[in-house]
Amino acid sequence: MTFVRTASALLLASVVITPAFAQEIDRPECVAPAKPGGGFDLTCRIAQQGLEKQFDGPMQVTFMPGGIGAVAINLFNTTRTDDPNAIVAFSSGSLLNMATGKYGQWGANDVRFLATAGTDYGAVIVRADSPYQSLEDLMADLKKNPGGVVMGAGGSVGSQDWMKAAILMKSEELDPRQMRYVAFDGGGDAIAGLLGGSIQVYTGDVGEMVSHLDTGEMRILAVMSDERLPAPFAEITTAKEAGYDAVWPIVRGYYMGKDVPDEAYDKWVEAFEAAYATDEWAALVKDKGLLPLDLSGKEMDADMKQRVERMTGIAKEAGLIE
């Protein structure tokens, strides 16, 4: 009986202790904190395809909509804080939500930023049959009646996508508070809203448009970059070219739970760095409509936290937070 009790105790101890030391990455998973079809989906697909050779098994993509990332960050700060298998997609919009307190008590110090997928840029998108043939056409209508155009995107007032529309308004000294803006839970829903006629203009991201370019359903009026982007967007004018000071760069990447063991975190870093060194990764990032940005590990974690700090200052200046 004593042997049985001792063996049981040792077995229980091993079950409890093992996760704290070394857990294998045997079920790699990327969590996209929105419904399928938007930028988070795109970010996870890059990891799924780009890290295919780095793990023994395929990477699962899990969709976790809710609060533009709020549900996901809450889960990874409660029940999955040390999960070695899972990474979560984020964007500059997620960083803005951290800066403005939209994730409640959870902020930049409550995750371990892991690696980048690449950079993206804001885009002004309409349906193919829209009367707006150029950004100038749209801005002319907004100047006549700021509330006369229904705009929308995957985020609430104060979110990254709202900020894109607000920057456009401010480029013509228009008050963003007069804008008619419809908030959706992610880019996929916003695109459906645009195609369904719920909104007239979608302030989304260039990267998520790659799969839609050949469908003939939508048109990009302008990209919000300093200079023209490479193919397949080389023919699309920038907002700056059109005369509007509206630039919005986007970083896309991944974070993990803050209690993930260093060994597991380092294995993920090594996997990304190995992928970054391949031509296949560069081709994949380009194919998904992103520009290269290869940051990982502690350097990347520090960079993202600095971005959140800067965004906090901008948000205070804009009156979004006190």
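- The distance from atom OG of S92 to atom CE of M304, rounded to the nearest 0.5 Å, is 7.5 Å.
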How far apart are the C-alpha atoms of M300 and L114, what are their side-chain angles, what is the distance that settles it, and do they pass the side chain to side chain contact (heavy atoms under 4.5 Å, CB included) test?
-> CA-CA 7 Å; M300 187 269 193; L114 174 67; 5.6 Å; no

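- Counting only distance, with no hydrogens or angles, the side chain of T278 and the backbone of A275 share a donor-acceptor pair below 3.5 Å.
- Residue-environment remark: CG (N145) exceeds the threshold of 12 foreign heavy atoms within 6.0 Å.
- Checking side-chain atoms of D301 against main-chain N and O of G297 turns up no donor-acceptor pair under 3.5 Å.
- Side-chain atoms of N97 do not come within 3.5 Å of backbone N or O of K102 as any donor-acceptor pair.
- Between F90 and F113, the distance separating the two ring centers is shorter than 6.0 angstrom.
- Distance alone, capped at 3.5 Å, places no donor-acceptor pair between the R252 side chain and the A117 backbone.
- Checking side-chain atoms of Q160 against main-chain N and O of G93 turns up a donor-acceptor pair under 3.5 Å.
- Counting non-hydrogen atoms of neighbouring residues, nucleotides and ligands closer than 6.0 angstrom, the NZ atom of K53 reaches no more than 12 such neighbours.
- When every heavy atom of Y202 is checked against every heavy atom of G187, the shortest pair comes out as OH-CA, 3.4 Å.
- Relative ring orientation between F272 and W281 is described as perpendicular, the plane-to-plane angle rising above 60° on a 0-90° scale split at 30° and 60°.
- The shortest side-chain heavy-atom distance between V88 and M256 does not fall under the 4.5 Å cut-off.
- No donor-acceptor distance shorter than 3.5 angstrom exists from the side chain of N77 to the backbone of N74, with no hydrogens or angles considered.
- Across all their heavy atoms, R127 and G196 have their closest contact at NH1-C, 4.2 Å.
- The closest side-chain donor-acceptor pair between Y132 and D141 falls under 3.5 angstrom.
- Around CG of D26, the count of heavy atoms belonging to other residues, nucleotides or ligands within 6.0 Å exceeds 12.
- What you find for D161 and G154 is that their closest heavy atoms are OD2-N, 3.2 Å.
- Side chains of Q54 and W268: a donor-acceptor N/O pair is absent below 3.5 angstrom, by distance only.
- Residues M151 and A165 share a closest heavy-atom pair of CE-CB, 4.0 Å.
- The nearest pair of heavy atoms linking Y276 to A115 is OH-CB, 3.5 Å.
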task: Carefully, step by step, assess M98 and I73 under the rule side chain to side chain contact (heavy atoms under 4.5 Å, CB included).
output: CA-CA 10 Å; M98 292 177 185; I73 197 171; 3.9 Å; yes

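- Within the 3.5 Å criterion, the main-chain N or O of G57 finds no donor-acceptor partner in the side chain of R27.
- Side-chain N or O atoms of D120 include none that pairs as donor or acceptor with a backbone N or O of D205 at under 3.5 Å.
- Side-chain contact check for S156 versus W162: every heavy-atom pair is 4.5 Å or farther apart.
- Contact between R45 and F63 at its shortest, heavy atoms only, is NH2-CZ, 3.5 Å.
- A salt bridge does not link E173 to K143: none of the charged nitrogens lies less than 4.0 Å from a carboxylate oxygen.
- Using a distance-only test at 3.5 Å, with no hydrogens or angles considered, a donor-acceptor pair links the side chain of Q200 to the main chain of V150.
- For the atom pair CD1 of I236 and CD of E241, the computed distance is 11.0 Å after rounding to the nearest 0.5 Å.
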query = Would E299 and D303 satisfy side chain to side chain contact (heavy atoms under 4.5 Å, CB included), going step by step from the backbone distance to the final call?
reply = CA-CA 6 Å; E299 179 187 3; D303 185 276; 5.7 Å; no

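- With rounding to the nearest 0.5 angstrom, the CG atom of L75 is 9.0 Å from the CG atom of D83.
- The side-chain tip of R112 points at the ring of Y265 from less than 6.0 angstrom away and within 45° of straight on.
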Just do the side chain to side chain contact (heavy atoms under 4.5 Å, CB included) check on S94 and Y255 with the steps written out, would you?
CA-CA 11 Å; S94 311; Y255 69 74; 6.0 Å; no

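- Clustering ILVMFWY residues whenever any of their side-chain heavy atoms sit less than 4.5 angstrom apart, transitively, puts L95 in a cluster other than the one holding V247.
- Of the N and O atoms on the side chains of K240 and S225, not one donor lies less than 3.5 Å from an acceptor on the other residue.
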Show the numbers, then the answer: is there a side chain to side chain donor-acceptor pair (under 3.5 Å) between S211 and K288?
CA-CA 8 Å; S211 61; K288 296 298 184 182; over 6 Å; no

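- Note that the CG atom of L142 and the OG atom of S171 stand 9.0 Å from one another [nearest 0.5 Å].
- The shortest side-chain heavy-atom distance between E217 and I191 does not fall under the 4.5 Å cut-off.
- Between P28 and Q60, the closest side-chain pair of non-hydrogen atoms is not below 4.5 Å.
- Although no hydrogens or angles enter the test, the distance criterion places no donor-acceptor pair under 3.5 Å between the side chain of T238 and the main chain of R228.
- No continuous path of ILVMFWY side-chain contacts below 4.5 Å connects Y181 to I68, so the two sit in separate hydrophobic clusters.
- Surrounding NZ of K305 are more than 12 heavy atoms belonging to other residues, nucleotides or ligands, all under 6.0 Å away.
- The cluster map of Ile, Leu, Val, Met, Phe, Trp and Tyr, joined by side-chain heavy atoms under 4.5 Å apart, puts M224 and I250 in the same cluster.
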